[in-house]
2 protein chains.
Amino acid sequence: MDQPVINCRPERKDAAENRQRILDAALRLFEEHGVEPVSMNQIAAEAQIGAGTLYRRYRNKNELCMDLIRDPVDQLSRDIKAYLQGNNSSPPSERLRGLLALFLQFKEIHAGLIAGVEHSSAPLGAHSRTSTSLYEEFHQLLVQLFEEVSLEARQAGPDSVFRADMLMIALSSDSYLFQRNVRGNSQDTILDQLCQTFI
Amino acid sequence: MDQPVINCRPERKDAAENRQRILDAALRLFEEHGVEPVSMNQIAAEAQIGAGTLYRRYRNKNELCMDLIRDPVDQLSRDIKAYLQGNNSSPPSERLRGLLALFLQFKEIHAGLIAGVEHSSAPLGAHSRTSTSLYEEFHQLLVQLFEEVSLEARQAGPDSVFRADMLMIALSSDSYLFQRNVRGNSQDTILDQLCQTFI
DNA sequence: TTGACAAGTGGAGACCTCTCCGTTTAATAT
DNA sequence: ATATTAAACGGAGAGGTCTCCACTTGTCAA
């Protein structure tokens, strides 16, 4: 007559081991070949598990990449919080710039994996942007800061949500790498331009 | 002793017929199922040709889509030229808005094919944006108008090329459909917001 | 200890993209 | 008419994504 346990039981031992094998294998292959050219098949083979097992845990390469950069993402999240607390008396436009700087720095370091996360992610394209919690959190912060800016300037700026959407898409790997590689802009230049355009 | 003809001979008769079969088949399938879910295989089968033949002509679905909207694109290009000539005494910011309006209208009508063109297009992601001649042309116009605006305002705005890049990416199907479907903004609202943000 | 059974496994298979290359054929020169 | 030849053809096949499901195995209650 007991209720079936609603809380999921802890991960099974064999499953946990396989998860680790996958992570290790993926990291190894990504380091050797880069993220994009490595296939799910290869990862499964390298981890010595069946394709089905791999797909049971990660529906696609994005999810796998997301798991691989979980720690750096958490760190970034903490860095952002710390920065905002340490500078809460600066004008909002300056905090905005600081935020962007942190974000760009992060992108620079983890470019490969981030592109992996963003790429081919979406069955329903745009939805991917909002699905990552980091992106949602970042978007939220941008909105707040934009509102602060408008408030301070005593004039209604454009819709902050829209503006944040535009800025986020301007920060996508696609756009960033284009500026970096095709336009030949440095990280600093891009940061400057972004501030001039959006703030 | 004749020189071999350098100019390519006119397209062979059978080739021309197959091209038409492909275009017809694609149009039929796209109308029935939408662009995205139709595979190159299906198109080849519907056109009753081998896969190799299809790929000889169109390296991927984007190229095929580009061929399918060639006429509307040319029309848009002419419309833009006409608009600019008819309004060359308006302030540049107004012309900019007019341009965007034309462009958004175009996107609205041909959303499916355009998404098809943009999607999965790029081995080197960002390069796709510059590869379409329409996009290059449009980018060029935006740059010019931005410069006019800065000139008129007697103050150096941010780099016009960068600004145009940002605006173009804001006009991508990804971004546009997100605003349309997730944010629930109408075409007019989006136009307003774009102008407020970028002009 | 021992079922019971949910969770986990793996590989066959459906369908996809794209290439390669032996065969066919339209266009041209003789 | 016939030979030549470059272009076009098509399907086999390599390698990819992802699903399905018969089978195994860890876990827990009895």
Side-chain angles (χ1 to χ4, degrees), chain A residues 1-23 25-26 29-30 33-65 67 116-117 119-124 128, chain B residues 1-23 25-26 29-30 33-65 67 116-117 119-124 128:
Chain A
M1 279 302 166
D2 287 342
Q3 295 292 327
V5 179
I6 299 286
N7 275 332
C8 43
R9 286 186 251 195
E11 192 178 40
R12 248 168 63 169
K13 203 164 38 120
D14 54 345
E17 191 199 312
N18 275 339
R19 147 169 279 121
Q20 202 50 54
R21 296 168 77 89
I22 292 171
L23 260 26
L29 289 174
F30 288 169
H33 303 108
V35 174
E36 201 263 327
V38 172
S39 75
M40 290 294 267
N41 269 354
Q42 278 176 78
I43 295 171
E46 175 86 9
Q48 306 193 69
I49 59 171
T53 304
L54 175 54
Y55 277 96
R56 140 180 297 269
R57 222 170 295 285
Y58 302 107
R59 260 195 307 253
N60 48 51
K61 223 165 48 167
N62 315 328
E63 290 196 355
L64 178 48
C65 287
D67 210 1
V117 171
H119 215 63
S120 84
S121 63
L124 253 178
S128 67
Chain B
M1 280 299 167
D2 287 342
Q3 294 292 328
V5 179
I6 299 286
N7 274 334
C8 42
R9 287 185 250 196
E11 192 178 37
R12 247 169 63 170
K13 200 165 38 117
D14 54 346
E17 191 198 314
N18 276 338
R19 145 170 280 121
Q20 200 51 55
R21 296 169 76 90
I22 292 171
L23 260 26
L29 289 173
F30 289 168
H33 303 107
V35 174
E36 201 263 328
V38 172
S39 75
M40 290 293 268
N41 268 354
Q42 278 177 75
I43 296 170
E46 175 86 9
Q48 305 195 69
I49 59 171
T53 304
L54 175 54
Y55 276 96
R56 139 180 303 268
R57 221 171 295 285
Y58 301 107
R59 259 196 307 252
N60 48 52
K61 222 164 50 168
N62 316 329
E63 290 196 356
L64 178 48
C65 288
D67 210 2
V117 170
H119 215 65
S120 83
S121 65
L124 253 177
S128 68

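Keep in mind that the numbers below use all heavy atoms, side chains included, and drop hydrogens, waters and symmetry copies. Lettering of chains follows the sequences in order, A, B, ..., and the numbering in each one begins at 1.
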Using every non-hydrogen atom in the two residues, find where A:Cys65 and A:Val35 come nearest and quote the distance to one decimal.
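Scanning both residues, the minimum pair turns out to be SG-CG1, 4.0 Å.
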5'-most by nearest nucleotide on DNA chain D - A:Asp14 or B:Arg19:
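Checking each residue's closest nucleotide, the 5'-ward one belongs to B:Arg19.
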Option from B:Leu29, B:Val38, B:Asn41 for which side chain to side chain contact (heavy atoms under 4.5 Å, CB included) with B:Glu46 holds:
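So the option named by the test is B:Leu29.
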Please state how far atom [atom1] in [X] lies from atom [atom2] in [N], giving the value in whole angstrom units.
{"X": "B:Asn18", "N": "C:dT25", "atom1": "CG", "atom2": "C1'", "answer": "12 Å"}
{"X": "A:Ile49", "N": "C:dA7", "atom1": "CD1", "atom2": "P", "answer": "19 Å"}
{"X": "A:Arg21", "N": "C:dT9", "atom1": "CZ", "atom2": "C1'", "answer": "12 Å"}
{"X": "A:Glu63", "N": "D:dT17", "atom1": "CD", "atom2": "P", "answer": "14 Å"}
{"X": "B:His33", "N": "C:dC16", "atom1": "NE2", "atom2": "P", "answer": "12 Å"}
{"X": "A:Arg12", "N": "C:dA7", "atom1": "CZ", "atom2": "C1'", "answer": "5 Å"}
{"X": "B:Tyr58", "N": "C:dC16", "atom1": "OH", "atom2": "P", "answer": "20 Å"}
{"X": "A:Leu54", "N": "D:dC20", "atom1": "CG", "atom2": "C1'", "answer": "16 Å"}

Quick one: label [X] by what it contacts on the DNA or RNA (base, sugar-phosphate, nothing), any heavy atom closer than 4.0 Å.
{"X": "A:Arg57", "result": "sugar-phosphate"}
{"X": "B:Gln42", "result": "sugar-phosphate"}
{"X": "A:Asn41", "result": "base"}
{"X": "B:Thr53", "result": "base"}
{"X": "B:Glu11", "result": "nothing"}

Nearest-0.5 Å distance, CZ of residue A:Phe30 to CD of residue A:Gln42
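If we round to the nearest 0.5 Å, A:Phe30:CZ and A:Gln42:CD are 9.5 Å apart.
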Toward the 5' end of DNA chain C, by each residue's nearest nucleotide, B:Tyr55 or A:Ala15
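Counting from the 5' end, the first nearest nucleotide belongs to A:Ala15.
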Between B:Pro37 and A:Gln48, which is nearer to the 5' end of DNA chain C once each is assigned its nearest nucleotide?
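Residue closer to the 5' terminus by nearest nucleotide: A:Gln48.
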Phosphate OP1/OP2 of C:dG8 contacted by A:Arg56 side-chain N/O (<4.0 Å)
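For C:dG8, OP1 or OP2 has a side-chain N or O of A:Arg56 closer than 4.0 Å.
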Check against side-chain contact (heavy atoms from CB on, under 4.5 Å), B:Leu23 and B:Leu64
CA-CA 8 Å; B:Leu23 260 26; B:Leu64 178 48; 3.8 Å; yes
Test: A:Glu17 and A:Arg21 ion pair at under 4.0 Å:
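Salt bridge between A:Glu17 and A:Arg21, a charged N being under 4.0 Å from a carboxylate O: yes.
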